[in-house]
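The residues of the chain are indexed from 1 along the displayed sequence. First listed ligand is number 1; within each ligand, the first listed atom is number 1.
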Amino acid sequence: MTQRISDQGVGITSPNKVQHTDPFADDPKVSASVLDVAGVFVVVLDPTGRITYFNVTCEHATGYTAKEMVGTYVWDKLIVPEQRQAVENVFHDLVRQPGVQEHENYWLTNSGKLICIHWSNTSILGTGGEVRWVIGTGLDITEKKRVQNQLEEQAAKLRAVVETAVDGIITIDERGIIESVNPAAERLFAYPADELIGMNISTLMPAPYREEHDRYISDYLDSGDAKIIGIGREVRGLSRDGRIFPINLVVSEVSLPGKRLFTGIVRDISDRQLIEKRERQRLAEHAHAARLAALGEMASGIAHELNQPLAAIVSFADACRNLIDKEEIPRDIMRDALAQISEQGVRAGDIIRRLRQFVRTGTLDREVVNLNALINDVLAMVAHEIHLNEVDVKLRLKEYLSSVWADKLQIEQVLLNLVRNAIEAMEDSPKHGLLIESTEDDNQMLVRIQDSGCGLETAPENLFKAFYTTKEKGTGLGLSISYSIIEAHGGTLSANSNDDGGATFWFSLPAADDIE
Ligand code: ADP
C-alpha cells in the first residue's frame, strides 16, 4: 500500500538536520513516540537511499548514533557485503514502483555482531506522486532465525539418515494411510513413493497380517493397549510384484499437536530366515537320516531277536500237532507246549513294543511356539512342491492364536509330514485344494489340514500304525512318528475322509500357559 502525505508539515527534508528528530513532527498523525516504539526498528531513507531518520531501537541495536548515521547510505555501514546488492535492489524497486515490500537482511553492528531483521518497507509519496521517502520498519528476528536454522539443520541431518537408511521407514496416520516413505521402503515393496503415499499400509501385507494390523492400530487407539507399539514383530510383507517376504516391523508413535502418527521401521529378514530355514532343514534331514539308519540297524537286530520266539512258537506248535494225532493225548505236555507258545508270543510282542518305543521321541526341547508362524514356515519349505503340483493353498489362521509349549523342530516335522502327504495324495486328483486352518478351543490349539486328494484307503486308526503305507516307496513311518510326537506333547492326532473326497488330518496341542 502506498501512503500519500502532505508536503507541508514534514519536518525532515535535509539529511544533516536531524538527530532523534521526528520526520513528521508537524503531522499530528505520526509522532516521534510512534517511531520510537520499543523494539521496532524504524529507518527513513530519502529517494537516493540516504538515511534521514534512525530511531532509538536502531541506535541501541547497532551501537551507532542517529547523528553518525543520518546522511549516510544505509548499505554503507550496516549491510553485510554479500547482501548489499540485494538491499539496493529492494530499495530502488520501491522508488521506481512505490508500494510495500517485505524482506529479511542482516545488519552489521558497530561491535561486529550480526543481527537479522525482518523489514516491512513502504514508499511514501509526495503530493506530486513522486517518492519522497522509503520508511523501513523492522523486527529483530536473530533468535528466531537461529532456532529456525538449527531446526533446518537438524531436519536435514535427520533427512540424510532416513534417506540413506537400509531399513524401510514408513509414516502412517491413525487410519493407517501412508504419509511418507524413504527410498529403502520403495525398494523393499517395489513401489514408487508417489504410489505408496496415500495407500493403506495394510496393502503391503498379505492376509492374515493385513487384517491383524488394522485391528492392532484401532485396538491401540481405542484402548491404549500397545500390542505392536515399540515391539518388533515378525510379519510378512507383500511387494507390488506379489512377492511375500518376512519382515521385522517396529512401530513407534509420534504425537504432534492435534495429530497422531505412527512410524514403522521395516527390515527384510528373508536372508536371516533363509539361513535359519536351511539350518532347520539340515537338522531335520540329519535327524531323519539318523533315525532311518538306526532303524535299519534296529530292524536287523529285531529280525534276529524275533526269529527266536517265532522259531520256538513254530516248533511248539508242531509238537502240539503231533501230540494231538496220538491216541492218548499227553495233556500235561500239551499244556506246557501251549504255555510256551503263549510265553514266546508275549516275548515277540515285547520286542515289537521296544521298536515302537524307539520310534517314539526322546526328550523334548520345548519353547514357546506360535503355530501360525510355524505353518507359514512349513509352507515356505514346501513352496516348490506346491508350485510344481499347482496346489491352491488357502489359509484360515486364527488371529492372536495362543502359543504352545513345544519342541518346534518336532511339530514342524509333523506339519511337514501332513502337508507333504496331502500334496502327494492330490498328485492324481483333478482338484488340488489345500486348506490349512488354525483355531483355539478350550485352551487347545487345533490345526486342520484338509486336502482334495484320493482320500483314506483304510480306517483312520490303521494309518498311525508303523509301516502302514500305500506308496511304492513309502516307509509308513511318518504318521506313526507324528502320532507319537503329538502324543508326547499332550495332544492328539486324528484323520478322516471328507464327504466330498480327500482327507482331513488334525491335531491339537495344549496352550503354553495351560502346561504346568
Ligand atoms: P508314507 O507317506 O511313507 O506312506 P505315512 O505314515 O506318512 O507314510 O503315511 C501312511 C499312509 O497313510 C500313506 O501311505 C497313505 O496311504 C496314507 N495317507 C497319509 N496321508 C494321506 C492323505 N492326506 N490322503 C490319503 N491318504 C493318506
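- Atom 18 (N) of ligand 1 has its nearest heavy-atom neighbour, among Ile423, Leu463, Ile449, Leu434, in Leu463.
- Counting heavy atoms of neighbouring residues, nucleotides and ligands inside a 6.0 Å radius, atom CG of Asp500 exceeds 12 of them.
- With atom 16 (O) of ligand 1 as the reference point, the heavy atom nearest to it among Thr470, Ile481, Leu418, Val419 is part of Thr470.
- Looking at Asp451, Asn496, Asn498 one by one, the single match for side-chain hydrogen bond (donor to acceptor under 3.5 Å, both in side chains) with Thr504 turns out to be Asn498.
- Set against the non-hydrogen atoms of Gly455, the atoms of ligand 1 under 4.0 Å away are 25 (C), 26 (N).
- Below 4.0 Å from some heavy atom of Ala503 lie the following atoms of ligand 1, by number and element: 24 (N).
- Counting only residues at least two apart or in different chains, salt bridge (charged side-chain N to carboxylate O under 4.0 Å, His left out) contacts with residues 183-200 comprise Glu195-Arg240.
- In this structure, a donor-acceptor pair under 3.5 Å is absent between the side chains of Thr171 and Glu179.
- The distance criterion of under 3.5 Å between nitrogen or oxygen atoms is not met by Glu424 with respect to ligand 1.
- Listed by atom number, the atoms of ligand 1 under 4.0 Å from Leu479 heavy atoms are 5 (P), 6 (O), 7 (O), 9 (O), 10 (C), 12 (O), 19 (C).
- Backbone and side-chain nitrogen or oxygen atoms of Cys454 are examined, and none is located within less than 3.5 angstrom of a nitrogen or oxygen of ligand 1.
- Polar contact with ligand 1: absent for Ser480 (N/O pair, distance under 3.5 Å).
- Between the side chains of Asn370 and Ser403, not a single donor N or O lies within less than 3.5 Å of an accepting N or O.
- Below 3.5 Å of separation, one finds no N or O of Tyr468 facing any N or O of ligand 1.
- Close approach of ligand 1 to Thr469 is summarised as follows: ligand atoms under 4.0 Å from at least one heavy atom of the residue are 1 (P), 4 (O), 14 (O).
- Annotation: side chain of Ile324 is not in contact with side chain of Arg321 (no heavy-atom distance under 4.5 Å).
- Aromatic ring centres of Phe245 and Phe189 lie closer together than 6.0 Å.
- Distances shorter than 4.0 angstrom occur between a heavy atom of Lys471 and an atom of ligand 1.
- Taking distance alone, with nitrogen or oxygen atoms compared against 3.5 Å, Phe505 stays at or beyond that limit from ligand 1.
- Looking at heavy atoms from C-beta onward, His489 lies in side-chain contact with Ile411 at the 4.5 angstrom threshold.
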Expected list for residues 378-393: side-chain donor-acceptor pairs under 3.5 angstrom, two or more places apart:
{"from": "Glu385", "atom 1": "OE2", "to": "Arg420", "atom 2": "NE", "distance (Å)": "2.8"}
{"from": "Asn389", "atom 1": "ND2", "to": "Glu385", "atom 2": "O", "distance (Å)": "2.9"}
{"from": "Asp392", "atom 1": "OD2", "to": "Lys394", "atom 2": "NZ", "distance (Å)": "3.4"}

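- Using a 4.0 Å cut-off between heavy atoms, Asp451 contacts ligand 1 through its side chain alone, with no backbone atom that close.
- Close approach of ligand 1 to Asn417 (heavy-atom distance below 4.0 Å) involves ligand atoms 7 (O).
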